Every structure is written in C-alpha cells, then in structure tokens.
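What you see is a predicted model; the values in this text were computed from it and never measured. Within every chain, numbering begins at 1; the chains are lettered A, B, ... in the order of the sequence lines, protein sequences first and strands thereafter.
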Number of protein chains: 2
Amino acid sequence: MSHTLGVRQAQKQKTRRALLDAALGLLEGQSLSSLGLREVTRAVGVAPTAFYRHFRSTADLGVALVEEALGSLHPTIRTTVSTTGDSEERIARAVELIADHVDAHPAHVRFIARERHGGVQPVREAIREQLARFAGEVGEALAEDPVSAGWSEDDRLMLAQLYVDQMLVTASLFLEALEAGTEAEAGPRKREQERERVTRLATRQLRLIGIGRRHWLDGPAGDGLAAS
Amino acid sequence: MSHTLGVRQAQKQKTRRALLDAALGLLEGQSLSSLGLREVTRAVGVAPTAFYRHFRSTADLGVALVEEALGSLHPTIRTTVSTTGDSEERIARAVELIADHVDAHPAHVRFIARERHGGVQPVREAIREQLARFAGEVGEALAEDPVSAGWSEDDRLMLAQLYVDQMLVTASLFLEALEAGTEAEAGPRKREQERERVTRLATRQLRLIGIGRRHWLDGPAGDGLAAS
DNA sequence: AATTCCGGAGAACAGTTGTTAACTGCATGG
DNA sequence: CCATGCAGTTAACAACTGTTCTCCGGAATT
C-alpha cells in the first residue's frame, strides 16, 4: 500500500497545500469571487502559471477548500448528535464543540459562512451538498433517539435542518466573538466576555428547540394556550 | 414643504438610482468585494468618474443598498409579529409574508444573504446593525404577547434573535426555490413545487419553535422525559 | 544509462482596474 | 442677465488581471 508517495508527488502536494493555505489567508479580508489567481501565487512565492498545475480556476480551489473545511466533519457531528446523556449535558457539549472548532479553524468557518451564499456558484453548490449530508446524518441520528420516537422522517429532517442552520449561526457568532478580541487594544478580555455571551445565547436557543421537540407530538390541540 | 426638488437634484438622484439598480443587478452573479466601479458605470452608460459624485467607493454604495433593502422593513416586521390571531394563522401569515417579499425583491434578499458574511466590513456592520434593530423590535413585540408573560428580557431577546435568523434562513430558501425555476427548461412547474416545499418546512420549524416557546417556563424539571 | 514525463519559470498578450486632473454645459441664485 | 455651482465628460496614468506559449531541470520510467 502507501508507498511513501515519491519525491515528485510529495513536492506537488506541498505547493498545493501552500496554495490552499495562502488562499484561505487572503480570504479573511475578501470573498472568493474577488480572489485573483496571481494574488495567490504571489503570496506563495511561485509563478502564476504554476497555479494551473493544481486548479483550473480559483472557483476550483474554492471547491477544494469546501471539501477540506467540511468533509472531515461528518464523523464528529454524527458522534456528537447521537451521544447519550442528559438533555442539558448534550446541549452544553454541542455548544462547546462548536466553540472549540471555531477556535481551532477560524479561517475555515469564515470561509464557509462567507461563501455559502457567495458569488461563486460551484462553491455554493458544494457547500449546499455538504450541509445536506449533515442534515441527513443528523436526521438518521434522531431516528435512534427515543425523544423522536413516532416521528415521520419528514419531521425528523425538518428538525435536523433546524439544528444544522442553528449550528452555522452559532459558529458565525463565535467567530465574531473571536474577532472582537482582535480589534486593536480591546484585548482578550472582551473576547472572553463575548464568547461567554454567545455560549449562553446558543445554549438557551438549543434548549428552547429541545423543549419544542419534546412536545412536538402532544397533539395539535394540546397546547392549552391560545396566542393573544 | 416638498418643493418638487428642482431639475438639478432630480437628475442627480436619477443617476444615483441607476447606479444602485445596476449594481444590484451585477451583484446577482458576484459579491460586492469584486464589484468594480467601472463595471457599474459602464452598465449605466455613464463615465467612470461620475461615480464619485455619488459614492466614495463601492463599499459605500453597498452600505446604501443595505439601507434600501432593510431600512423600510421595520414597520412591516413590527406589525407582522404583533398581529393577533391563532398561533397557526400567525405562522402562516409570517411565512407567506416572507415568500411574497422574496418574490417582490429577490435581488435585495440575495444581496443581504450574500453580504451579511461577505468580504466588505462596513457592509457587514450595516447589516448587523439593522438585524440587531429587528431583533430588538421583535423582542419588544414579544413583551406584549401573553405567551411570553413572565419572561426575562434576556430570554425575550434570545427568542427574537432565533426568529430573525430563522427569517433569513427561510428567505434564502425561498430565493433558491425561485432560482430553481429559472434554470433553463425546468420551467415554473418546479419553482412552484419548491416554493410549496419551503413553505411547509418553514411553517413546521416555526411551529416547533412556538411549542418550545409555550413550554419555556414549564420548569427545569418539568419535561418528564430523559433523553436516551 | 538513455528517454520520457511534468511541475514550475519566464515572457509576453490584450484587457481591465481605481484615481487624478482639467474640461464642458447647464440649472441655479443673486 | 450674469456669475457661480456642480453633475458629468474626456484623457491619461500606473498597476493589475487571466491566459497562452515556450522553455528548463530533475524525477520517473524503461
């Protein structure tokens, strides 16, 4: 099997990595649709034409970045959702997991949030596809949870999508909190505060959704309260 | 009062409008950070330098677009949230209102979704500010709703933010549904189907949130079910 | 050991970009 | 009616873009 890959392909993948990393760095201050091919190669210290040996265009590179940012996340999400324990504990663990992920890979998170609705169609498509996979997997995990016993698959999927979107919203908030501490002199003091604020907010939002989930099958007339 | 504005300023606002409209059109296929000043003026049929008579930069134009897209939406949202009636009816009305707004102003919706996390900081800021105002107003409206009686302001605001984010997610889905019917031969048949699908999805998600809302104060141990 | 393969370099292309300066014509206010 | 103000024009600038073609050197294959 893995026969150490040869000096040739090793170097190739090395500059490929350099291109991806440089692009990700440059994308902190702009969107993909304005990222120039030359800009990337210049940052790496390589000739513009070398770019074509790895990607057809910057859009192509963007799709590769999507794979890198979301592709390896599927097992993590699966195990997080289908973990056992008290409802409160599971929420706390999920929120903490999101916060840690944003801390570890802020550029990836920013890239996904930015390009999900960005100006490059193939990239939007790639993100949509990955998120749909997430929703499908969360939906499957919900099927094995007694709280969702008796739910139709349609309902499980609508909740799964709610969870996935909520995850993205929360990740984006954590990212903003991270950046709030990088604003000149504001210092890591405010960053900590903001992080705590987002944690509390996301936790309570997930809690409310969880409550709605537990009473979903109480019956259409079982809510006992008319609104106003 | 309004003394017919003079021929001079009338013409100025006319080209200003043309610039804004042309930019909005061009932004359907790219993001603001890649929108060129010359590109806009060329689309209008005006000299590049004329741009400076109206905006300092394309970022400036973007901020103006944010105002235009969200500024006039505050009264609509306020009345929608604090409308009376059955919970189901209110949800249906809200979803329909979102769908109609996307139909009427698709370019505005796409712009906001795209630039909310886009590469131009002042525009992100402007959007964040408007959405925060929305959340605040929804929070106030919730205070006058008996369903949220006894809620802390903090809790009202966390629900309001959940509603606002959910509104944006739903609007974005309706926009995708709209575009699904513009893909070559797919025809308005699929568009209608997709629109119905999104309507059903958003309705049930709001329903679940509403259920969670009604049971929010049932007490921390009142959920009667342990999760797995 | 000789030959093929291929990642990267170099130079050149036509076209684009934002910004400056000095101008023109016309509605406006005195 | 004349002088001012100002939206829009014209021309030019240096810098940048994506893409093509030709070439080089060294690893990979035979």
Rounded off to whole Å, could you give me the [atom1]-to-[atom2] distance for the [X] and [N] pair?
X	N	atom1	atom2	value
B/Q30	D/dT17	CD	C1'	14 Å
A/D60	D/dG18	CG	C1'	15 Å
B/F51	D/dA7	CZ	C1'	15 Å
A/K14	C/dG8	NZ	P	11 Å
A/Q11	C/dG8	CD	C1'	11 Å
B/Q13	D/dC6	CD	C1'	15 Å
B/R17	D/dA7	CZ	C1'	18 Å
A/F55	D/dT19	CZ	P	15 Å

> Of the candidate nucleotides D/dA7, D/dG8, C/dA9, which contains the atom at the shortest distance from the side chain of B/T15?
Replying inline: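 Selected nucleotide: D/dG8.
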> Which is true for B/A50 with a 4.0 Å heavy-atom rule: it touches a base, it touches only sugar-phosphate, or it touches nothing?
Replying inline: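 Here B/A50 touches the bases of the nucleic acid.
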>> Quick one, A/T76 and A/T80 - any side-chain contact, counting heavy atoms below 4.5 Å?
In response: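 Yes; the side chains approach each other to less than 4.5 Å.
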> Nearest 0.5 Å, what's the OG1-CG distance between B/T79 and B/L97?
Replying inline: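 Rounded to the nearest 0.5 Å, the OG1-CG separation comes out at 7.5 Å.
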> Going from CD on A/Q166 to CD1 on A/I98, what distance comes out if it is rounded to the nearest 0.5 angstrom?
Replying inline: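 Between atom CD of A/Q166 and atom CD1 of A/I98 there are 8.0 Å.
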>> Return a single string for nucleotides 17-30 of chain C, one symbol per nucleotide in 5' to 3' order, where B is base contact, S is sugar-phosphate-only contact and - is none, cutoff 4.0 angstrom on heavy atoms.
In response: SBBBB-----BS--
> Salt-bridged, B/R197 to B/E194, with N to O below 4.0 Å?
Replying inline: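 Yes, charged N to carboxylate O under 4.0 Å.
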>> What I want to find out is whether A/E125 reaches A/R128 closely enough, with some N-O distance under 4.0 Å, to be called a salt bridge.
In response: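 Yes, this pair counts.
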> Mind checking what makes ring-ring contact (aromatic ring centres under 6.0 Å, His included) contact with A/H54, not counting sequence neighbours?
Replying inline: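 Per chain and number, A/H54 pairs via ring-ring contact (aromatic ring centres under 6.0 Å, His included) with no residue.
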